[in-house]
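All values below come from the heavy atoms of this structure, side chains included, with hydrogens, waters and symmetry mates left out. Proteins get letters first, then strands, A, B, ... in listed order; numbering begins at 1 in each.
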Number of protein chains: 2
Amino acid sequence: MFRVLPPPEIDYRAELPPHQQIIDWVRASIEAGELRPGQVIPSEKEMTQVLGVARTTVRRAVGKLREEGIIYTVPGRGSYVARR
Amino acid sequence: MFRVLPPPEIDYRAELPPHQQIIDWVRASIEAGELRPGQVIPSEKEMTQVLGVARTTVRRAVGKLREEGIIYTVPGRGSYVARR
DNA sequence: AGTAATTTGTTCGTATGTATC
DNA sequence: AGATACATACGAACAAATTAC
C-alpha cells in the first residue's frame with residue numbers, strides 16, 4: 001500500500017540535517033523498488049505533511065535529488081523517478 | 001447592494017498576515033448579516049481582484065475558514081456560508 | 001449532445017522575512 | 001558569518017467539477 005517506504009521521523013539533532021534525511025528516505029524507496037523509474041514521487045505538499053517539515057526543507061531535498069539526476073521534475077505535475 | 005462588507009485594504013506590514021485579514025473580513029461580513037447561511041461567498045478570482053492579492057493567499061484564507069466550519073466548498077461551484 | 005466558461009483543486013517555481021544554531 | 005529551517009507571499013500552468021449556452 002505504500003508508495004514509498006514509511007517516512008522517517010525527522011530528527012533535528014541528528015548529524016545529518018533534515019533535508020538529507022529526506023534524501024536518504026527517497027533514495028531508499030527507489031532502491032527498495034517502492035518507487036520505480038517513471039513513477040511520480042510524493043508531492044512537496046504530501047511530504048511536508050507526512051514528514052512534518054516546511055516546504056522549503058522538502059524542496060531542498062527534491063532539488064538535490066534533481067541535481068543528482070535521481071529524479072526529474074515537471075512544473076505543475078510533480079517529480080518522477082528518472083529512468084536509468 | 002453589497003454581497004459582503006467593503007473589502008479591506010490589505011496591509012502587508014500589519015501584525016496579522018494578509019490571509020488573516022481576509023478571514024476577518026469574511027467573518028465580519030457573516031456576522032454583519034451581509035453573508036447569510038447558504039449563500040455563496042465571492043469566488044477566489046473575485047477576491048483576488050477586489051483585494052489585490054494572489055490566489056494562493058485567498059485560498060489560504062478560504063481553507064482556514066473551511067477548517068473552522070465557517071464555510072463549506074463545492075468543487076466547481078464555490079464556497080458557501082455554513083448553516084449553524 | 002457538445003463546447004465553452006467558470007470555479008475549485010493541485011503542483012511547481014520564486015521571493016522575502018524571521019529565527020535558530 | 002553562514003547554513004538551515006520556518007512562514008508567508010507572489011506567479012504560472014494544468015486538471016477536474018460544474019454550469020451556461
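In this entry the distance linking CD of A/Q21 with P of D/dT4 reads 13 Å, nearest Å. At whole-Å resolution of the value, CD in A/E44 and C1' in C/dT11 are 8 Å apart. Following rounding to the nearest Å, B/Q49 (CD) and C/dT6 (P) show an atom-to-atom distance of 11 Å. For the pair B/Y72 OH and C/dT8 C1', the computed distance is 15 Å after rounding to whole Å. Atom CD1 of A/I71 is separated from atom C1' of C/dT11 by 14 Å (rounded to the nearest Å). Atom P of nucleotide C/dG9 and atom CD of A/E46 are separated by 17 Å, given to the nearest angstrom.
Side chains of B/T73 and B/R66: a donor-acceptor N/O pair is present below 3.5 angstrom, by distance only.
The two residues B/A14 and B/Q21 have their closest heavy-atom pair at CB-NE2, 3.7 Å. Closest approach of B/V4 to B/E34, counting heavy atoms only: CA-CB, 4.1 Å.
With values rounded to the nearest 0.5 angstrom, B/R83 atom CZ is found 10.0 Å from B/Q39 atom CD.
By the 4.5 Å heavy-atom criterion applied to side chains, B/W25 and B/Q20 are not counted as neighbours. By the 4.5 Å heavy-atom criterion applied to side chains, B/I41 and B/Y80 are not counted as neighbours. Put simply, the side chain of A/K64 reaches to within 4.5 Å of the side chain of A/H19, judged on heavy atoms.
Of the possible polar contacts, none joining the B/E68 side chain to the B/L65 backbone as a donor-acceptor pair under 3.5 Å is found.
Considering only side-chain atoms of B/T73, the nucleotide from C/dT11, C/dG9, C/dG13 that sits closest is C/dG9.
Contacts with DNA chain D (heavy atom under 4.0 Å) in residues 9-19 of chain B: B/Y12, B/P17, B/P18, B/H19, listed by number. Within residues 52-66 of chain A, the residues having any heavy atom under 4.0 Å from DNA chain C are, by residue number, A/R55, A/R59, A/R66.
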